[in-house]
Number of protein chains: 2
Amino acid sequence: MTINSQDRLPSVDQKVNNIPLTANSMRVACSQCNLRELCLAVGLDDNDLHKLDDLVVKRKLKRGQQLYRAGDAFEAIYAIRTGFFKTDILTEEGLEQVTGFQMAGEILGMDGISNDRHVCNATALEDSEVCIMPYDELEELSRSIKSLQQQFHKFMSREIVRDQSLMILLGSMRAEERIAAFLLNLSQRMRLRGYSASEFHLRMTREEIGSYLGLKLETVSRAFSKFHDEGLIGVQQKYIRILNADGLKALLNHAPN
Amino acid sequence: MTINSQDRLPSVDQKVNNIPLTANSMRVACSQCNLRELCLAVGLDDNDLHKLDDLVVKRKLKRGQQLYRAGDAFEAIYAIRTGFFKTDILTEEGLEQVTGFQMAGEILGMDGISNDRHVCNATALEDSEVCIMPYDELEELSRSIKSLQQQFHKFMSREIVRDQSLMILLGSMRAEERIAAFLLNLSQRMRLRGYSASEFHLRMTREEIGSYLGLKLETVSRAFSKFHDEGLIGVQQKYIRILNADGLKALLNHAPN
DNA sequence: CGAGTTCTTGAGCCTTTTCAACCCGGGTGG
DNA sequence: CCACCCGGGTTGAAAAGGCTCAAGAACTCG
């Protein structure tokens, strides 16, 4: 069960062959990517897609490998082709705090633009593959391709909005609400990518979930157990089944008290 | 005590007179603005500054007025010339959560880019003045002026980074740490603008502070009182003096336990 | 000057954390 | 091949931090 495959997408594939896909294994064609409707390439025509192709290079990462670290010089942003990442920040006291989990089609690294240095670490939580988009070139290209510019701005703005909903979660929800929201959000993003929305493997530990949600791992574990007992979800370690999505949603709408 | 005045800035003022500043009171010249070193105009040369001038229009707001509301069509972003704003979101349950406080030189409205609708409300907390920058035109102009494009991207990225540090605050600090961090952050931003970093008026209520920091207003009040008793700050309602900034900082670095 | 906010402070309660013990599963090495 | 080890997960009991509720004080604004 993979991403919405090409049948849904405009048939640009015939014209693609002027790009030698095989010659350099690191080369990748946005025009052929089945994620292009999720990614920066949305709305580009064939011609512009090829220009984007020219600056994108691919990189594979093993589970546990870091794509970039806090403090690294900022050189590129990254689109996830396959796999799963977390971003985190080491606080002054040395605790890590997870700031996000990212999956296919999402963009990593935009935090680095502000100071020419990355402010967080990005780590692959499973074997993954990213498209490297050198920032200088992307900036230049987006000056000449209006829809690329617009798309890029939308991605940055979406990141801002995403961060704000996390702020709301952290600022106003109680533990079980946070966890319900987290599961529903994951489920929704899986669906968007054509995977099952009702069962999936968590790629992160309870501790990482807790860090992301501002909770301790024990609290996460307890909430999972409680939801399990109530028949809302099935839990076997990292394997999760959503048994009653409406029940989870009800936890959210209900005022904390 | 106003913003760092023009002595620090390049003397572009002589050439500015081709723009009739007086003719239309709503017209405003970035080239003459003493905030231009903080704002989108950073790094533009005279020529480009004038192009930016052409698209910027000014608007005044009284205390309590809203600049835009959640759901409004997104048409422009706004640079604050003078005054003080909050942004907030109404959650489904009808509670408002404050997502930020903004002051002179900061940009409002970038959340709207992602969906062509604003996702939060922006409200003036004192009489204020903003520069309206119609987004379509700004986008177009930033395709032709590289340093404007770069500056704009940096502002968006800075917003992402800012949101992430708030996430860390909300996710890993205890009440007193949050409040110490909040005061130090305000103080720092006042200093950047040439105001006193050690005494200022809070423009927001305890409830708004609490909402922003994920705390109840009583908790905010208690922390203020405690800091006061410890000689860290002076508090008289909204008038705050920072008496021992290092003492406040020490609260942060100290691991929660 | 009075009404309505906003702020402060106290007491008790509730949620989440802390600390600790234990379990489970998968690898490793004897 | 089994014993052991170790990281990750679960569960319980006690402690703590922040919240709720409530009353009263201080300030603001018409």
Side-chain angles (χ1 to χ4, degrees), chain A residues 63-64 86 93 95-98 123 125-126 169-183 201-230 233-240 251 254-257, chain B residues 62-64 86 93 95-98 123 125-127 169-183 201-230 233-240 251 254-257:
Chain A
R63 184 156 90 90
K86 70 168 177 184
E93 302 95 67
L95 324 151
E96 81 154 353
Q97 162 128 4
V98 174
T123 309
L125 294 183
E126 63 179 15
L169 179 147
L170 291 169
S172 70
M173 292 185 178
R174 48 186 70 260
E176 287 172 18
E177 294 178 286
R178 295 184 198 189
I179 293 177
F182 170 75
L183 290 173
H201 266 91
L202 297 176
R203 297 272 128 80
M204 69 298 275
T205 66
R206 304 287 191 263
E207 183 165 21
E208 286 164 334
I209 297 171
S211 169
Y212 179 61
L213 298 177
L215 301 169
K216 295 293 160 187
L217 68 97
E218 293 95 331
T219 308
V220 175
S221 180
R222 276 186 246 272
F224 278 179
S225 300
K226 180 147 181 269
F227 291 171
H228 180 91
D229 293 348
E230 292 169 344
I233 63 175
V235 187
Q236 284 161 260
Q237 304 287 118
K238 306 205 157 173
Y239 175 64
I240 300 283
L251 288 177
H254 220 298
N257 218 343
Chain B
K62 288 255 169 252
R63 184 157 89 90
K86 71 168 177 184
E93 302 97 65
L95 323 152
E96 81 155 350
Q97 164 130 2
V98 173
T123 309
L125 293 182
E126 64 181 14
D127 292 359
L169 179 147
L170 291 169
S172 70
M173 293 186 181
R174 47 187 68 263
E176 287 171 19
E177 296 178 285
R178 294 183 199 190
I179 294 178
F182 171 73
L183 290 172
H201 267 89
L202 298 176
R203 298 272 130 77
M204 70 297 276
T205 67
R206 304 287 193 262
E207 183 164 23
E208 286 164 334
I209 296 172
S211 170
Y212 179 59
L213 298 176
L215 301 170
K216 293 295 160 184
L217 68 99
E218 295 95 329
T219 307
V220 175
S221 181
R222 277 186 244 273
F224 278 0
S225 300
K226 178 147 182 268
F227 291 171
H228 180 91
D229 294 347
E230 292 169 342
I233 63 175
V235 188
Q236 285 161 261
Q237 303 289 121
K238 304 204 160 173
Y239 175 63
I240 300 281
L251 288 178
H254 219 299
N257 219 341

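Below, chains carry the letters A, B, ... as their sequence lines are ordered, and counting in each starts from 1. The shown structure was predicted, so the numbers you read here are calculated from the model rather than taken from an experiment.
At whole-Å resolution of the value, CD1 in B:Ile240 and P in C:dT8 are 8 Å apart. Atom pair A:Ile209:CD1 and D:dT10:C1' shows a separation of 14 Å (rounding to whole Å applied). In this entry the distance linking CG of A:Leu170 with C1' of C:dT15 reads 16 Å, nearest Å. The separation between B:Phe224 atom CZ and C:dT9 atom P is 13 Å, rounded to whole Å. C:dC24 atom P lies 18 Å from atom NZ of A:Lys238, rounded to whole Å. The nearest whole Å value for the distance from the CZ atom in B:Arg63 to the P atom in D:dT28 is 10 Å. One interatomic measurement links the two molecules: CG of A:Leu202 to C1' of D:dG8, which rounds to 13 Å at whole-angstrom precision. Rounded to an integer number of Å, the gap from A:Ile179 CD1 to D:dG9 C1' is 14 Å.
In this structure the side chain of B:Ile240 never reaches within 4.5 angstrom of the side chain of B:Phe227, judged on heavy atoms. A heavy-atom distance below 4.5 Å is not found between the side chains of B:Thr219 and B:Leu213. For the pair B:Thr205 and B:Lys238, the minimum side-chain heavy-atom distance is below 4.5 Å. Considering only heavy atoms from C-beta on, A:Lys86 stays 4.5 Å or farther from A:Met204 through its side chain.
Residues B:Ser211 and B:Val98 come closest through the heavy atom pair OG-N, 2.8 Å.
The B:Val235 side chain lies nearest to C:dT8 when the options are D:dG8, D:dT10, C:dT8.
Taken residue by residue, residues 211-222 of chain A places heavy atoms nearer than 4.0 Å to DNA chain C at A:Gly214, A:Leu215, A:Lys216, A:Glu218, A:Thr219, A:Arg222.
For the pair B:Lys62 and B:Asp127, the salt-bridge criterion is met [side-chain N within less than 4.0 Å of a carboxylate O].
Of the two residues contacting DNA chain C, namely A:Gln237 and A:Ala175, the nearest-nucleotide position lying further toward the 5' end is that of A:Ala175.
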